[in-house]
Novice: 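Got a structure for you, questions after.
One-based numbering along the sequence shown.
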Amino acid sequence: MFVFSLLFSLFLYWSIYKIVFTNDLQSESFLETDKCPACYGMSACGFLLTDQVKLTGWSKLRFLDFVNVKNVHFGKHVYKEHNVVLKKLALDKELVEVDNEVCKDANREAGCDIARVIYKASTPYSLKDKPILPKHLNSLTVSMFSCASYRLLDRMWSYYKERLNQDDIMYRDKVQLWYISKVNTEPLLMQTFPAREGWPFPEYYGACGRFTVSEHGGRPLQEFYHASFVKRVDIAYQIMKMALKMTENKDDFILYWTDIQYENFAVDAGGKVRIIDAENIIVVDKMAVEAIKPRGWDDLYESDFDECDGENCITFSTNNLCRHVNSDHNYYAACRNLLSQYGSEPGMPGGLLHDMPDYAKNDWELDGMLNECARPSKPKGRIIIKERLIEALDHLRKVKSAKDINVNILDALKSKDDSKANE
């Protein structure tokens, strides 16, 4: 008994010492930098390895990694005093599967020295004296490169933080990009469409080994399911504005949601909503589609509503999204899975705007507009209703009292009268 108590005490003291005095982010073995270029980059190593970021909360405890299956850790920048998120971008078993696939491609046994062998795999080997092309990045999974174009690839290289030489694309850069595309394209998407230019993602800081570092997006959206109606309407308004930005923008790229649920979003302390999981977003280059002009390319592609037995889902055709420059898909995804009565996740029925007050239903017909957005009753229904829906959400998020309700209705009516007078 004494020996057991002694061993337990030593383990406890050792655990406390590890938590208080050590920082795993200074360990290259923890960051797996030895796997590079079969990794995500080295741009963040400068501030991780020099103890500028420390893990916080449960992320300090390595013995809990077995329950942290998504490999998402939280930390804080010591000097800038902002919170960060560190991701491995895949489950451990998924990373092993990708590595073994590369080993097999290079005619090596599973568990090979991936950092050395990756250069022997067929695609990386072929890139030694040739440029990397969109076809090299179009994997079997839905991702940023499902509809890849040369213009998208050029844009990605212009923002890519991991380039060894900003004046040239090195062989190692191409191999690393190919590896990232096989694991998870989220860091590439967040760099190519950065937060500083108004895209709805957290700021991306860089990568070190097999970890990416980005801005902490805030509290998960599901924590706001029971928030006040005004708060939920404000979140809904921001989500619809995201859908609009991702569909219509000056860059002529469309970013499509193919996996949209509460856990994909976060709300920061200032109330700003961000997309924190961008793994399955498809990017369509409108200029590339117009150049090729496939049959029906400029027709509106309308997503079909699916009951999905009362559960959340999005039905879509990647091929159709890739072949059209106009689609209502993002509006469908937002309304179907989050905002309307059809949006239902375990313990959260009725969508984000559940328990709608009478003034929202009667004065603004909000429930009817959400249903039309999710399940339109006529052709082009979502496109017709989206502006009215966004306008209604904008007014309703400003409601503080009954007086505000009347003022907002009058303002909306005046706006409609003014628009008719200008026609």
Novice: Decide, yes or no, whether a salt bridge links Glu279 with Lys87 under the criterion of side-chain N to carboxylate O below 4.0 Å.
Specialist: no
Novice: Please step through side-chain contact (heavy atoms from CB on, under 4.5 Å) for the pair Asn330 and Ile260, ending with a clear verdict.
Specialist: CA-CA 10 Å; Asn330 280 332; Ile260 182 169; over 6 Å; no
Novice: Does the ring center of Phe305 lie less than 6.0 Å from the ring center of Tyr342?
Specialist: yes
Novice: Should Cys335 and Met369 count as side-chain neighbours, where that means a heavy-atom distance under 4.5 Å?
Specialist: no
Novice: With heavy-atom distances below 4.5 Å as the criterion, would you say the side chains of Met240 and Tyr331 are in contact?
Specialist: yes
Novice: Over 60° means perpendicular and under 30° means parallel, so classify the ring planes of Phe30 and His73, tilted if in between.
Specialist: perpendicular
Novice: For residues Leu396 and Tyr237, determine if any side-chain heavy atom of one lies less than 4.5 Å from a side-chain heavy atom of the other.
Specialist: no
Novice: Are the charged groups of Asp252 and Arg151 less than 4.0 angstrom apart, N to O?
Specialist: no
Novice: Anything under 30° is parallel, anything over 60° is perpendicular, the rest tilted; go ahead and classify His216 against Phe74.
Specialist: tilted
Novice: Report yes or no: do Gln341 and Asn371 form a side-chain donor-acceptor pair below 3.5 Å?
Specialist: yes
Novice: Could you tell me whether the side chain of Trp257 reaches within less than 4.5 Å of the side chain of Leu338, counting heavy atoms only?
Specialist: no
Novice: I want to know whether Phe193 and Phe253 have ring centres closer than 6.0 Å.
Specialist: yes
Novice: So how far is it from Thr258 OG1 to Ile314 CD1, rounded to the nearest 0.5 Å?
Specialist: 7.0 Å
Novice: Is it the case that the ring center of Tyr205 lies less than 6.0 angstrom away from the ring center of His77?
Specialist: no
Novice: Is there a side-chain contact (heavy atoms from CB on, under 4.5 Å) between Leu189 and Phe201? Walk through the geometry before answering.
Specialist: CA-CA 9 Å; Leu189 187 81; Phe201 308 110; 3.8 Å; yes
Novice: In terms of side-chain geometry, is the basic nitrogen of Glu307 or Arg375 positioned less than 4.0 Å from the acidic oxygen of its partner?
Specialist: yes
Novice: Under a 4.0 Å N-O cut-off, is there an ion pair linking Lys272 with Glu215?
Specialist: no
Novice: I want to check a possible cation-pi pair here: Arg219 against Phe224, using under 6.0 Å from ring centre and within 45° of the ring axis as the test.
Specialist: yes
Novice: Would Tyr179 and Asp99 count as having a side-chain donor-acceptor pair, cut-off 3.5 Å?
Specialist: yes
Novice: Students often mix this up, so state it plainly: with edges at 30° and 60°, are the rings of Tyr262 and Tyr225 parallel, tilted or perpendicular?
Specialist: perpendicular
Novice: Assess whether a salt bridge exists between Asp65 and Lys88, defined as any Lys/Arg side-chain N lying under 4.0 Å from an Asp/Glu carboxylate O.
Specialist: no
Novice: Is there side-chain contact between Ile254 and His329, with heavy atoms separated by less than 4.5 Å?
Specialist: no
Novice: Asp285 and Ser149: side-chain donor and acceptor closer than 3.5 Å?
Specialist: yes
Novice: Give me the one residue out of Lys241, Lys286, Lys386 that meets salt bridge (Lys or Arg N to Asp or Glu O under 4.0 Å) with Glu248.
Specialist: Lys386
Novice: Are Glu94 and Asn184 side-chain neighbours, meaning at least one heavy-atom pair lies under 4.5 Å?
Specialist: no
Novice: When you look at Asp34 and Ser29, which way does the side-chain contact (heavy atoms from CB on, under 4.5 Å) test go after all the steps?
Specialist: CA-CA 7 Å; Asp34 61 311; Ser29 63; 5.9 Å; no
Novice: Taking 4.0 angstrom as the limit, do Arg388 and Glu372 come out as a salt bridge?
Specialist: no
Novice: Below 4.5 Å, heavy atoms only, C-beta onward: do Val183 and Tyr40 meet side chain to side chain?
Specialist: yes
Novice: Are Tyr79 and Phe47 an aromatic pair by the rule of ring centers under 6.0 Å?
Specialist: no
Novice: Are Leu152 and Met144 packed together at the side-chain level, in the sense that at least one heavy-atom pair is separated by less than 4.5 angstrom?
Specialist: yes
